[in-house]
Structure formats: structure tokens, C-alpha cells
Amino acid sequence: MRPPVLDPLFAPVSTLPGIGPKIAKLVSALVGSQPDRDATVADLLFHLPHSLIDRRHRPGIAYSENGDIVTLDVIVGRHMAPPGSSRAPYRISAHDDTGEITFVFFHPRRDWLEKTFPEGARRIVSGKVEWFHDRPQMVHPDYALAPEEAAEMPAVEPVYPLTAGLTSKTLQKAVRAAVGRIPRLPEWLNDAYLHQTGWPDFAEALKTVHAPAERQDLDPDSPYLQRLAYDELLASQLALAMVRAHMRTLGGIARRPTGDLQRAVISALPFQLTDSQVGAIEEINEDLARPVRMLRLLQGDVGAGKTVVALAALAQVIETGAQGALMAPTEILARQHYASLAPLCDKAGIRLALMTGKDTQKERRARQAQIDAGEIDLVVGTHALFQGTVTFRNLGLVVVDEQHRFGVHQRLALSEKGQGVDVLVMTATPIPRTLVLTCFGDMDVSRLTGKPAGRKPIATVSVSLDRLEEIISRVGAAIAEGQKVYWVCPLVEESEKIDLAAVEDRHRVLEQVFRQKVSLVHGRMTAAEKDAAMGDFKSGTTRILVATTVIEVGVDVPDATIIVIEHAERFGLAQLHQLRGRVGRSDKTSSCVLLYKGPLGETAGARLNIMRETNDGFLIAEEDLKLRGGGEILGTRQSGTPGFRIARAEDHADLMEVARDDARLILETDPDLTSPRGTALRCLLYLFGRDAAIRLLRAG
Ligand code: ADP
Ligand code: MG
């Protein structure tokens, strides 16, 4: 049960002043932590300002720099109203001791302007100054107050990431009210550590970041942000540690088969394993042989060959008579895994089944009956499906493919599917160490370094969309030579409809130009349609596959050699790298064309440069972290560390390690969180949405 002291923070944002149902929707989309639910007061409080406006900056008109936000103390001059029906802006001149300025208003409400700016009156006006033809102007000042009202203007104003339809004034007002609702909470940090760091308490930290006095208060290393980041990291590490401890108490099963089945699978492969594949398989075999649960992360760049390692692990467990499951994030991937594993399983005598969300009730029941009867050894399916209703007779190992946000909830779901289930998580994005820790806790890690022999680096170019025709004709030449081409269109989050139109248009144009069938895959198609399209492309019936980013993870068509990524400037580095990894999967030379629409922003330009310069996924991941940390998208939620709202891997890595040790110590001394600090820590877990782990405590 959630501690009642937290209730005010878990009230919906619609209980705050100025937030009606419509605004509540916008705010929820912006700050909410759970889809389809109204954001809470806590969600809003964790939406931190990314900068501040300092209205104490009063340089005088002549000394205001272009683009600065300044506060001016002026005498209002003449009003220059546009004649009659003219659409021209309304202008008001004003001056101080240093010079003259014009205030500019579009769509003016004259009566308001006349009341607010009486000619000859003194006014305190604040807003952004722009120099235009050597004259300063201010369009729609933020404040215009009589001297006696000047105190109404905050000296320093936090600036929040916003969304269309939500004004900063509305948000500020709601946040101020939310701050007023922060209850007195028990301290969950260790006294000695608090003393050592000199951090404020949680409430003070939160209050200060929403009402910063100085710019430095919002720095990632200010005591306020450090405190909040640490709280969040501790919540996450504690939850992960609790799950891990729980899994350990459930115990694992020592699996020591002869290894014959694993050898059969490996010898069915048409290639030699790489050294690091062999190494990873050995590490996994050792884990499996121990009577504790395996919780291992298999990291390897795109195309490194993780799937066969997974299959080898599954074979080892299946030989002991247990069942295995391979979970993929998308339907396409599940089907592809099934297709590529089927011949190997067939040769080795592993009975394989595919389960997807698209199966009919009848099919599903039939499959389930086979699983219950032990007639199936290995089930391939989507994460969603697996988290749902499927049950196993004797589940031994779950492999989770390509899932970065494999959180506490999923792990709990897994631990309930069988006894002592071992878990192998595969991730393709080479996650830097700090991120591994934040997302996965202290899992054991196997890394696949290097790629299978004979792979060539992928030549990458970036080309402006203006040169689209040139690219189309090069693609034409390539398919005439028998090459295969992916053509990726981006997903614009705001509108699925626009995306669909974009990808369908591109498909139509390419079919027209090349006078041949082009395959098309996007998220709105049925599984059968996707299958058919992928099948055509794989078999070579079609030479071009136009797709949205559904192909981002894992799709494997080894003889595809060109990938064109449209609107490459909209993609993050990790995603570009993933997409590019669809090619370069054979001994043929491959290339990647990043088609961008200029002009490129600084960060987007840097991303494309990195892509051109390197194929090294680890390097790309590190650069990604740097760019996302300081880039133009600073302060928006997408730019943060996945699963975290305040802490950032690039800024708070050192805190992460402290939090991990802290969490371990907590569970050693107070495994059920019953001490006073333990009780306070329960509040912390709820606050940061990590409370699922509390269910695991005996004194839950
Ligand atoms: P990822 O690590 O991205 O999941 P996959 O497991 O899909 O990579 O493997 C990429 C491709 O490389 C597949 O076509 C697979 O059959 C092939 N492959 C895997 N291991 C080797 C190897 N040791 N030698 C040659 N090809 C391999
Ligand atoms: Mg894969």
C-alpha cells in the first residue's frame, strides 16, 4: 500500500489551478509517466525546467543585445496603430535614458494596449530584444507593469519544455501550486552521506529547482539536481537489487547436460563461430551449470551474431528437458527468428513453435495444449504476448531480444512463468557501461566483440534531399546489377497519418520510376501483409523494400547491400546505427545513404558526421550519449536517459555507482525495508514509480 503521506503527490494534475480537462491532457502527454492515465502532481514536479529567464537583467535599451531577455524601465511614447483593416502590426514607441525602442504587437487588442501602455506613463517592461535595421524592438513583451505593480514580475523565471497549446504561464502556475503540495517526507538518505555531500532534503531540492535563484541552481552538478538525481538512481538501483535478491531466493536449477544438443545446433550452422561467440556460449554454459539463476546481458553490435549464441544457450537448457522461450519486440522479428531458427532446430531435433498476437484463439489454444503436453521445446513470440497469457510446463530459459527497456516489471513477469527461470537479455545497441548499470542493474555481461569474418565496413555518405533524383538513379543502377535495397522513411511522432502518407508516396514513386514491384512494410499492415512483403524481398522477387522504422531492429536479409535513410536528420545516432546494421551482413561491399533535409542543426550535423566517420557501435554509443546530453534537445524528455526523468547517465555516472553500493548495503542490513530508513525508502520507491519491487518483500 502506498504510504498515505504521498497522497497529495499522486493526485491528478487536473486538481491543480488552471488545469482543466483539456490542458490536463496536454500536460499528461508532456510529463506523464504512464500512458492512458492522467499525469500526477509528482509527474509534474519531476518535469524540471531546463533553463531560466533572469529578469534582473536591466542593461538599458541601448545596451540590450540582440536576442537578450531584458527588463526595461521606460517612459511610453506614441502609439502607432495600423490604419483600419490593415494587417500591419501595432507599434508603441518608448524610451529610457539610453535610447529608444519599439514594442510590436500583432493582432492587437487596442483597448488593452491603450490601458496597458498609457502615453507618457512609466512602465516596467520585460521581454526579448531584437535589433532590426539597427533599431531595437520587442515583440509582445512578457510583462508590462506600472512601477507599483513591478513586484508581480518574478525576478527569475524557470523555463520548462513545453508542448503545443500549453503556455509557460499556465505551466508555471500549476507547478507553483504543485510545489505547495509537497508534504513533509521522512528522510531516506543515510545521515552520514547527506552530511558528507551537504545536499538539501528532497522537498527543498525540488522547491529550489522550480524556483531557482541563479542559473547554477539548474546545473546537473548543483546540490539540488544531484540530490534529486541520486534519489532517482537510488530508487532504481534499490528496485533492481530487490528483484535480483528475490530471484536469488527463488533459486536456480543447475543444468549440466552432456552438451550434445548444443553441439548439434552449432554443427548445423553454415559457418564457424567467432571467438567471442564461443566465449559467450562458454560463459552462459557456466552460468547454467550453477544452481543460481542466470541473469546475463549479451551485448553485441548489430550483425555480431547474437542469435546463434541464444540458440546455443536454449539448446543447453532444452537438453535437460526444460522449455525455452525467445521473445522479440516486434511481430516481424519474431517471425524472422522463427524462420531462421526453424532449419537449425529441425536438424538438431528441437521442436519449435511460433506464437504471435495475430494467431486465432483456436491456434493459440492448440499451441498452448502442445506446450502443456511438453510437445514443444522452444517458443518464439513477441514480448507482449509472452507477458500475457502463455504458460509453460517447464520453462527453463527466457531469451529477450533487442529490448533496451527491460525493466523490473518484465523481470517480475518472467519470474512468475516458471521455477528458477534463467534469463538472457540480448541488446544490439552497444550500451556504455554507465547505461548498462542504469538500465539493467548489476547483470552479468557477455560481449560479442568484432563481427563474423569477411565483413566489410559500410561506406556511408550523407546527401541532401535536393539530390533525391541522383540517389534514385544510383539505386536504379544497383538493382539492375542485382543488388537489394532498403529504403527507410522516418516516423514522425506527431502524426502516424503523415508517416503513412510519406512511406506510401515513396513506395508509389519508386514503383513508377523502376517499373517493377517494390515491397512495402509499415506498422499499420497486418502480419500476413508484412510477412508477404518481407518474404518477397528476402527471396528476391522484389529488389527494394520501402519501410518505416519497423525494420530498425534485427531484420536480417544478408544479401541486401544498400540502405537509404530518408530524413536522416530526424533520427538519433543509436537508431541510425541500428538501421545501417541492416546491411553489411555478407562479404559484399555495402553502403548507407543518409538523405537529409537541410539546413542541418548542429547536433543533427554532428550525428551524420559521426555516422560517416565510424562503423564502431561502441564509439557511436559514447558519442550519442555526449550529443544527447548537451545537444539542442536539451531538457526534453526524449533526450534523457531511458527510464529516468532527472538522472542522466552522462552527468550522474558517479552517483550511479554510489547508489548501487548504497542499495546493496540497504538490502544487506534491512532486507525487508522495515527500519525507519526502510520505511522512508518505500516512499522513495513509490515516488519514482519503482514500487513494483515492494511486492517482493515478505513484510510487503
Ligand atoms: P545480431 O547480433 O544483430 O542479432 P544476427 O544474429 O542476426 O545478428 O546475425 C547476423 C547475421 O550473421 C545472420 O545472418 C547470421 O546468420 C550471421 N552470422 C552469425 N554468426 C556468424 C558467424 N560466426 N559467421 C558468419 N556469419 C554469422
Ligand atoms: Mg538480432
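Counting convention: from 1, in listed order, for ligands and their atoms alike.
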Salt bridge (Lys or Arg N to Asp or Glu O under 4.0 Å) partners of D346, counting only residues at least two apart
none

With sequence neighbours left out, write down each residue that passes salt bridge (Lys or Arg N to Asp or Glu O under 4.0 Å) with E319, or none if nothing qualifies.
none

Does A304 reach ligand 1, in the sense of a heavy atom lying below 4.0 Å from it?
yes

If you count the atoms of ligand 1 from 1 in the order shown, which ones are under 4.0 Å from a heavy atom of [X]?
{"X": "T307", "value": "4 (O), 5 (P), 6 (O), 7 (O)"}
{"X": "T274", "value": "23 (N)"}
{"X": "L273", "value": "23 (N)"}
{"X": "Q272", "value": "22 (C), 23 (N), 24 (N)"}

Heavy-atom distances under 4.0 Å are what count here, so tell me which part of D556 touches ligand 1: side chain, backbone, both or neither.
side chain

Side chains of T460 and R612, donor plus acceptor under 3.5 Å:
no

Can a side-chain donor-acceptor contact be found between N609 and E613 if the only test is distance below 3.5 angstrom?
no

From R543 atom CZ to Q483 atom CD, the distance as rounded to the nearest 0.5 Å
9.5 Å

dist R255:CZ -> I318:CD1 (nearest 0.5 Å) comes out at 10.5 Å

Is any N or O atom of G305, backbone or side chain, closer than 3.5 Å to an N or O atom of ligand 1?
yes

